[in-house]
Structure formats: structure tokens, C-alpha cells
Amino acid sequence: MWIEKIEVDRKNVERFYVHFVKEDGEKQIMSVDQDVLIEYRLKKGMTVTEEQWMEMMKKDDEKQAYKMALRFLAYRMRSKQEVVDYLKKKDIDAQTIERVIEKLQQERYIADEQFAHAYVQTQVNTTMKGPYLIYKELMDKGISEDVIVKAMERYTEDMQRDKAIKWVEKINKQSKKRSHQEQKAYIAQLLHMKGFPSHIVEMAKQHVTADDGTEWEALVYHGEKAHRRYEKYERYTYEQKMKQALYRKGFSLSLIEKFLEKKKED
């Protein structure tokens, strides 16, 4: 086949339309990247073999996939697995992805070790996550365990303690409707969900503060709710259900008795 003409793609100046004429007279158009055009020195009147045609198509697929990956990487650093998954979603074949990834790694656009260190630093600086959660996120991004372990050294135990205490301070300011014991249980559950290790959680629980006024305020809130639920019962059953409900909320029996005495006076 031979090249009848070459024209610029007006929608994308980096690509060219190459018009081929086959031996039987059939015409075919191929869109190629400018780099492919230059590499193969394509020009009008040039003869191209079937093997060269297939090779050019393969090269063009790789070039397009490479540029897709670069655009994907332009927004922020990515792990190798993130780029692979992105190209798969774009229906790029496995062999082309492999060649593109190899080129990106050679050019240092992809470096999982560097990515992992940067990711940990960013999470430590901008979020309230614990180490286990960050570790899991890196695993989900396809980072190898040994690389993650090394990167996680940036998240020191002192930093973990500071973040856990900040969570305690934040929760203490937010809610006046939990008993001291319930508040500690809530903090423990939250910190575990956020990825903090057990010894950090236990330390943080010791920073959960409570005073008599706050505890009484919380008891009155839950006591009134329980009262509306159980006031229909006769006195003995009412008191037993009230005690059970408020005790489960973490309030002391002495404080519960005080509340019940006040309800009698009302």
C-alpha cells in the first residue's frame, strides 16, 4: 500500500490522518500521533508494508495510552496500580499497559516508594486518620507491604497520640448528652474505626473528661426520654425500667437514684 496524502487533524493538531491506497485500489485512513509520523518518516507517495502498518498501529496505541496516563498523573501523584486500573478502564490492552508503565517508571513519573512516602505525609498533615487506615488505603492502591512499612515510619507514635487526643478534645466539645462511660466507649469505637492501634485508644480514653455538671446534664437528657417511655407503668416497674435503661447508658446508680427522687418531687 502507498500513502496518497497526509493531513492534520483539525480537532487535535498532535494527530494526522494518513490516507492509504491498497494494491486492490481500496482506500483506508489511519489516524496517527505526530511522534509516529516522525518516527516512521511518513510522507506522500511512500510505500508501506502490512508489517509496518501493524507496527505503526501498535506504536500509536502505545502513544495514546502514554498520553492518557500523563494526563491522569497531571492532577496528583499516583501509584502504579492506580495508573494500570485507569488504563484498563480506557480499554487499553494488557501488553500496551505494560509497555506504558515501564516507560513511565523509567521516566520517574511513577515511583511507588516516593508515592507512598508522599501519601503518608499528606494524610498525617491534612487528616485525622490513624495508621491502620492509611496502611489499608496504600494496600488498596497496590503498594507493596515492604514499601508501606517503610513509609509508615513517618507517622510516629507521638503523632498518633496527638491526633487521638485531638479527636477526644473534639468529641468532648461536641456532645453533652453522653455519660462519662458512654463517651469513653464512643471515643474508643471512633478511634478504632479511624485506624488507631489499641494502646493509643486506651491512652486516649484517659483524656475523656467529665464533671458533675456535665454528667448530670446528660443524665437528665436521657432520664427524661426514658421517663416519657415508662411513665405509664406502675411505680415499682417504672423505677426498675428507668434504672436499667440509665445504667445501660453508663450512669452510676447513685446519680440515677438522685434523678428518680427529683422525679418524685415533680
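Quantities reported herein were computed from a predicted structural model and do not represent experimental measurements.
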**Q.** Cation-pi, F115 ring and R78 (6.0 angstrom, 45 degrees)
**A.** no

Would you say the side chains of D158 and T156 form a donor-acceptor pair under 3.5 Å?
-> no

Looking only at heavy atoms, the pair that brings M203 and A164 closest together is CE-CB, 4.4 Å

Q: Could you give me the CA-CA distance, side-chain angles and deciding distance for D9 and N12, then say whether side-chain contact (heavy atoms from CB on, under 4.5 Å) is met?
A: CA-CA 5 Å; D9 182 345; N12 184 351; 4.2 Å; yes

Exercise for the section: Start with the C-alpha gap between E239 and R235, add the side-chain angles, then the distance that decides, and say whether salt bridge (charged side-chain N to carboxylate O under 4.0 Å, His left out) holds. Expected result: CA-CA 6 Å; E239 289 188 351; R235 174 56 56 181; 3.7 Å; yes

(message) Does this structure show an ion pair linking E261 with K264, if we count only N-O contacts that are shorter than 4.0 Å?
(response) yes

Distance col, row E113:CD vs I148:CD1, nearest 0.5 angstrom, shows 12.0 Å

Less than 4.5 Å apart, side chain to side chain, heavy atoms only: is that true for Y238 and H227? yes

Hydrophobic cluster membership, L133 vs W167, 4.5 Å side-chain cutoff: no

- So does K194 have more than 12 non-hydrogen atoms from other groups sitting under 6.0 Å from NZ? no

Checklist entry - Taking the side chain from S179 and the backbone from K249, do they hold a donor-acceptor pair closer than 3.5 Å? => result yes

Would M30 and W53 count as a side-chain contact (heavy atoms from CB on, under 4.5 Å) here? Give the steps.
CA-CA 9 Å; M30 177 183 178; W53 164 274; 3.9 Å; yes

Judged by modelled atom types alone, do E145 and Y135 share a side-chain donor-acceptor pair under 3.5 Å? yes

Query raised in the report: Is the distance between the ring centroids of H192 and Y132 under 6.0 Å?
Result: no

### Task
With salt bridge (charged side-chain N to carboxylate O under 4.0 Å, His left out) as the test, would you mind laying out the steps for K129 and E137 before giving the verdict?
CA-CA 11 Å; K129 297 173 186 175; E137 288 173 349; 2.9 Å; yes

- Carefully, step by step, assess R248 and E182 under the rule side-chain contact (heavy atoms from CB on, under 4.5 Å). CA-CA 9 Å; R248 284 197 297 269; E182 195 175 30; over 6 Å; no

Worksheet entry | Q121, CD atom: more than 12 neighbouring heavy atoms under 6.0 Å | yes

> Are F251 and Y247 in one and the same hydrophobic cluster, where Ile, Leu, Val, Met, Phe, Trp and Tyr link if side-chain heavy atoms are under 4.5 Å apart?
Replying inline: yes

* Asked: Do the non-hydrogen side-chain atoms of K141 and K80 ever get within less than 4.5 Å of each other?
  -> no

The reported gap from NZ in K103 to CD in E62 (rounded to nearest 0.5 angstrom) is 6.5 Å

Closest non-hydrogen atoms of I143 and A116, given as atom of the first, atom of the second and distance, are CG2-CB, 4.2 Å

Checklist line | H222 (side chain) donor-acceptor with K177 (main chain) under 3.5 angstrom | finding: yes

Donor-acceptor contacts under 3.5 Å from residues 18-29 side chains, at least two apart:
from : atom 1 : to  : atom 2 : distance (Å)
H19  : NE2    : E7  : OE2    : 2.9
K22  : NZ     : Q28 : OE1    : 3.1
D24  : OD1    : E26 : N      : 2.9
K27  : NZ     : E4  : OE2    : 3.2

Discussion item. Are the side chains of V147 and H117 in contact, using a 4.5 Å heavy-atom criterion?
Written reply: no

Between A65 and T96, the two heavy atoms sitting closest are CB-CG2, 3.9 Å

Check: Has the side chain of T237 got a donor or acceptor atom that lies under 3.5 Å from a matching backbone atom of Y233?
Finding: no

Exercise. Taking everything shown except K88 itself, do over 12 heavy atoms lie less than 6.0 Å from its NZ?
Worked result: no

Q) Where the side chain of Q160 meets the backbone of F196, is there a donor-acceptor pair that is under 3.5 Å apart? A) no

So NZ of K184 and NZ of K205: to nearest 0.5 Å the spacing works out to 6.0 Å

Heavy-atom check, side chain of Q34 versus side chain of F16, under 4.5 Å: yes

d(E202 CD, S198 OG) to nearest 0.5 Å is 7.0 Å

Students should find that the hydrophobic cluster of Y236, defined by side-chain heavy atoms under 4.5 Å apart, otherwise consists of none

Under 3.5 Å, side chain of D60 to main-chain N/O of M56, donor-acceptor pair present?
-> no

Review point. Do the side chains of R228 and K225 get nearer than 4.5 Å, heavy atoms only?
Key: yes

(request) Step through the shown structure and confirm whether more than 12 heavy atoms of other residues, nucleotides or ligands are within 6.0 Å of CD on E98. (result) no

- Item | N/O donor-acceptor pair under 3.5 Å between R15 side chain and S31 backbone | yes

Worked verdict on N125 versus T122 for side chain to side chain donor-acceptor pair (under 3.5 Å)
CA-CA 5 Å; N125 290 342; T122 298; over 6 Å; no

Within one Ile-Leu-Val-Met-Phe-Trp-Tyr cluster: M193 and L191, side-chain cutoff 4.5 Å
no

Assigning hydrophobic clusters by single linkage (Ile, Leu, Val, Met, Phe, Trp, Tyr; side-chain heavy-atom cutoff under 4.5 Å), is M139 placed with V120? yes

Separation between CD (Q123) and CE (M128), nearest 0.5 Å, reads 13.0 Å

task: Check the pair N172, Q183 against side-chain contact (heavy atoms from CB on, under 4.5 Å), reporting the backbone distance first and the verdict last.
output: CA-CA 8 Å; N172 275 335; Q183 185 82 318; 3.4 Å; yes

By side-chain contact (heavy atoms from CB on, under 4.5 Å), E157 pairs with (sequence neighbours left out) R161, H199, I200

Check residues 37-51 and write down every donor-acceptor pair under 3.5 Å in which the side-chain atom is one partner and the other belongs to a residue at least two apart or another chain.
from : atom 1 : to  : atom 2 : distance (Å)
Y40  : OH     : E55 : OE2    : 2.7
T49  : OG1    : Q52 : N      : 3.1
T49  : OG1    : Q52 : OE1    : 3.4

Indicate yes or no: does K150 engage E153 in a salt bridge with an N to O separation below 4.0 Å. yes

For Y66, the other hydrophobic cluster members (4.5 Å side-chain criterion, sorted by chain and number) are M68, L70, F72, L73, V83, V84, Y86, L87, I92, I97, V100, I101, L104, Y109, I110

Rounded to the nearest 0.5 angstrom, the CE-OH distance for M242 and Y230 is 8.5 Å

Between A245 and R229, the two heavy atoms sitting closest are CB-NH2, 4.4 Å

query: Going through the distances and angles, do K63 and D35 end up as a salt bridge (charged side-chain N to carboxylate O under 4.0 Å, His left out)?
result: CA-CA 8 Å; K63 181 60 66 173; D35 291 345; 3.0 Å; yes

Side-chain donor/acceptor pairs under 3.5 Å, residues 253-260, sequence neighbours excluded:
from : atom 1 : to   : atom 2 : distance (Å)
S254 : OG     : S252 : OG     : 3.2
E257 : OE2    : K243 : NZ     : 2.9

- Between K59 and D33, is there a donor-acceptor pair closer than 3.5 Å when you use the side chain of the first and the backbone of the second? no

